[in-house]
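Below is one structure, written out as structure tokens; the observations come after it.
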Amino acid sequence: MRDELFKKIPRKKNLTQKQMAVLLGYSYSHYVKIEDSFSEPSVKFLRSLKTAFPDIDMNEMIKKSLSSNQ
């Protein structure tokens, strides 16, 4: 579920994974690991995401992520 959430953001904004990584200040490989659920996003990563996209509802992201882990 979380990977769907992270993939939805760049699609809505017409951004590639590489563009998202640069925008958030992370390497391409690190961004892809988070998007594909191989790594958990850090608080720093989530802050970068919220700064870059202030319209994102982080509460909704967390709620969906928690419900998919149960």
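It should be emphasised that the depicted structure is a prediction, and the values quoted were computed from it without experimental measurement.
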_salt bridge (charged side-chain N to carboxylate O under 4.0 Å, His left out) partners of residues 20-29, not counting sequence neighbours, each pair once_ = none

*asked:* According to side chain to side chain contact (heavy atoms under 4.5 Å, CB included), who are the partners of T51, at least two apart in sequence or on a separate chain?
replied: none

*asked:* For K13, give me all partners under side-chain hydrogen bond (donor to acceptor under 3.5 Å, both in side chains), at least two apart in sequence or on another chain.
replied: D55

*Under the salt bridge (Lys or Arg N to Asp or Glu O under 4.0 Å) rule, collect the residues that match up with D57, sequence neighbours excluded.*
none

*Please round to the nearest 0.5 Å and tell me the distance separating atom CD1 of I9 and atom CD of E35.*
9.0 Å

_Point-to-point distance, once rounded to the nearest 0.5 Å, from NZ of K50 to CG of L24_ = 13.5 Å

*side chain to side chain contact (heavy atoms under 4.5 Å, CB included) against S42, all qualifying residues, sequence neighbours excluded*: Y26, K44, F45

*Applying salt bridge (Lys or Arg N to Asp or Glu O under 4.0 Å), name anything that partners K18, two or more places apart in sequence or on another chain.*
none

*Report the hydrophobic cluster partners of Y28, with the cluster defined as I, L, V, M, F, W, Y residues connected by side-chain heavy atoms closer than 4.5 angstrom, directly or transitively.*
V32

*Side-chain heavy atoms under 4.5 angstrom apart, residues restricted to Ile, Leu, Val, Met, Phe, Trp, Tyr: same cluster for L23 and M58?*
yes

*Do L49 and M20 touch side chain to side chain, with heavy atoms closer than 4.5 Å?*
yes

*Applying side chain to side chain contact (heavy atoms under 4.5 Å, CB included), name anything that partners K12, two or more places apart in sequence or on another chain.*
K8

